[in-house]
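The structure under discussion appears below in the form of structure tokens.
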Amino acid sequence: MRVPDPVAELRRAVREALTGLPAAANGRFAASRRTNDAFAPVVLACSGGADSLALAAAAVHVAPAVHGVVVDHGLQDGSAEQAAATAALLRELGADAEVVAVEVGTAGGPEAAARDARYAALRAASRAHGDAPVLLGHTLDDQAETVLLGLGRGSGARSLAGMAAWDPPWCRPLLGVRRATTRAACAAAGLPVWDDPHNADPRYTRARLRHEVLPLLEDVLAGGVAPALARTAAQLADDDAALTALAHERLIRLVDPDGALDAVGLAGEVPAVRRRVLRSWLVAAGARELTDAHVRAVDAVVARWRGQGVPPLAGGLEVVRAHGRLRVLEASHHGVRAPARPDGPPPIR
């Protein structure tokens with residue numbers, strides 16, 4: 001019997017994602033495919049919506065073992081029953097499954113707080129299964145929305161690059177797949193889809209982007225907006241990865257054993273590399289909630305030094321320049337906080 005095209009497309013996407021993971025992540029997957037040995041399962045986040053349900057069906061077909069995690073945020077009446085029904089459906093598909101109830105805080109607003117609680121639960125599941133990859137059902141349309149959010153917030157290239165296909169432990173096999181395809185795959189397989197009411201609630205920014213902004217852009221620009229935004233994200237991701245790797249190499253070379261940064265040596269770098277070096281150095285020194293304005297203020301002390309100071313950073317930290325070196329001080333104690341000397345490869349995005 002011929003496999004429906006949407007189902008085949010999802011299976012292919014999952015297979016390519018798993019076999020394309022770095023050796024440290026996919027070694028057990030590859031070995032189990034060859035030997036049929038027991039496999040520590042991939043973890044899969046499933047809400048019961050079309051995207052994650054179609055992903056689950058494809059993953060069960062492709063991977064030797066799947067552990068589904070249904071996160072109950074407790075934000076809607078009947079959420080526990082819906083989570084239990086989704087877990088039961090995952091078991092019918094052939095996955096192991098559990099429901100994890102989380103407590104959603106308030107930091108960053110309801111969307112961010114729910115995401116933080118959900119990701120914490122999924123990280124815990126990954127650790128419980130040998131740091132297994134966690135499959136997420138983000139699609140090309142989700143990627144387009146993410147890029148639009150970054151544009152609206154004036155974010156830099158790292159944010160505009162969108163979501164990474166592999167950002168340990170997160171694995172997103174469907175970033176090249178349209179949302180309509182996941183729904184078609186569920187229909188072809190006879191899977192009951194649950195549509196989360198929050199996804200259409202105009203109180204949430206992403207819901208308005210999905211139902212108001214993107215359709216308007218599609219109409220004004222005569223279509224193709226979502227794929228174009230996703231292509232932009234992919235191109236920026238490649239550029240950002242190259243610049244980040246170069247900045248990491250420069251950072252290792254320019255940081256003294258005591259954590260001070262060679263401002264004179266850094267001054268000759270191009271701004272894109274220079275600011276990445278500074279951001280990484282500041283984060284290693286304990287700086288938090290860094291804005292573009294913070295980084296540019298420190299950059300001015302490197303590239304346009306006239307004896308000026310730097311506005312204080314969050315957390316009671318300040319940056320000072322002396323003898324051609326930058327140091328991070330704890331302002332309240334006037335002591336030096338030396339960042340750890342950078343080591344290892346830059347983060348993979």
Side-chain angles (χ1 to χ4, degrees), residues 2-20 44-63 86 89 93 111 115 133-152 159-167 170-201 204-238:
R2 185 174 181 272
V3 176
D5 289 343
V7 174
E9 181 177 347
L10 265 77
R11 290 179 180 178
R12 182 167 56 251
V14 174
R15 184 178 295 108
E16 290 175 355
L18 289 178
T19 56
L44 182 141
C46 187
S47 67
D51 299 340
S52 59
L53 198 56
L55 174 62
V60 166
H61 179 81
V62 171
T86 299
L89 180 56
L93 288 173
E111 290 176 278
R115 182 178 60 249
V134 179
L135 305 188
L136 303 176
H138 296 128
T139 65
L140 182 149
D141 299 86
D142 293 305
Q143 185 75 300
E145 294 162 8
T146 300
V147 175
L148 273 182
L149 281 170
L151 283 169
S159 179
L160 296 182
M163 297 174 286
W166 172 239
D167 181 17
W170 317 121
C171 178
R172 299 179 175 90
L174 307 185
L175 288 182
V177 175
R178 297 302 303 264
R179 188 176 290 138
T181 302
T182 66
R183 191 167 289 273
C186 287
L191 297 175
V193 171
W194 176 66
D195 290 313
D196 186 345
H198 284 174
N199 289 337
D201 190 333
Y204 299 102
T205 303
R206 189 176 283 269
R208 296 196 67 185
L209 279 175
R210 181 173 303 177
H211 297 290
E212 299 176 36
V213 177
L214 271 170
L216 178 60
L217 284 174
E218 292 281 352
D219 180 47
V220 171
L221 299 178
V225 172
L229 288 170
R231 287 195 302 272
T232 298
Q235 292 163 4
L236 283 171
D238 289 341

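For reference, positions follow the sequence shown, starting with 1. Below, all heavy atoms of this structure are taken into account, side chains as well, without hydrogens, waters or symmetry copies.
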| task | Examine the side chains of T139 and R172 and answer whether a donor and an acceptor come within less than 3.5 Å of each other. | result | no
| task | Would you give the length of the straight line joining atom CG of L175 to atom CG of D141, rounded to the nearest 0.5 angstrom? | result | 11.0 Å
| query | Among all residues two or more places apart in sequence or in another chain, which pass the side-chain hydrogen bond (donor to acceptor under 3.5 Å, both in side chains) test with N199? | reply | none
| Minimum side-chain heavy-atom gap E111-H198 below 4.5 Å | no
| task | Check L18 against A63 and note the closest heavy-atom contact, atom names and distance. | result | CD1-CB, 4.0 Å
| Residues two or more places apart in sequence or in another chain: which of them pass side-chain hydrogen bond (donor to acceptor under 3.5 Å, both in side chains) with T182? | D51
| query | What closest approach, in Å, do V7 and A185 show between heavy atoms, and which atom pair accounts for it? | reply | CG2-O, 3.9 Å
| message | For a quick test of reading the model, state the closest non-hydrogen atom pair linking A58 to V14 and the distance between them. | response | CB-CG2, 3.8 Å
| query | In Å, rounded to the nearest 0.5 Å, how long is the span from CG of L55 to CG of L136? | reply | 8.0 Å
| said: When you compare the side chain of L148 with that of L217, does any pair of heavy atoms fall below 4.5 Å? | reply: yes
| field | Where C186 and V193 come nearest, the two heavy atoms and their spacing | value | CB-CG2, 3.6 Å
| note | In this structure, CG of L214 is separated from CG of L209 (nearest 0.5 Å) by 6.5 Å
| Is H138 close to Q143 at the side-chain level, that is, under 4.5 Å between some pair of heavy atoms? | no
| task | May I have all residue pairs that pass side chain to side chain donor-acceptor pair (under 3.5 Å) and include part of residues 210-228, sequence neighbours excluded? | result | D142-R210, E145-R210, R208-E212
| Quick one: side-chain hydrogen bond (donor to acceptor under 3.5 Å, both in side chains) partners of T232, sequence neighbours excluded? | none
| Under the side chain to side chain donor-acceptor pair (under 3.5 Å) rule, what pairs show up with a residue in residues 183-194, not counting sequence neighbours? | R183-D195
| said: I'd like to check V134 versus L44 (side-chain heavy atoms, cut-off strictly below 4.5 Å). Are they in contact? | reply: no
| Closest non-hydrogen atom pair, A230 against L140 | CB-CG, 3.8 Å
| said: Can you list everything that forms a side-chain hydrogen bond (donor to acceptor under 3.5 Å, both in side chains) with D5? Sequence neighbours excluded, please. | reply: R2
| message | Between E9 and V177 (side chain of the first, backbone of the second, donor and acceptor by atom type, cut-off under 3.5 Å), is there such a pair? | response | no
| note | Looking only at heavy atoms, the pair that brings T86 and S47 closest together is OG1-O, 3.7 Å
| said: Would you say that W166 contacts P133 through its side chain, given a criterion of any heavy-atom pair below 4.5 Å between the two side chains? | reply: yes
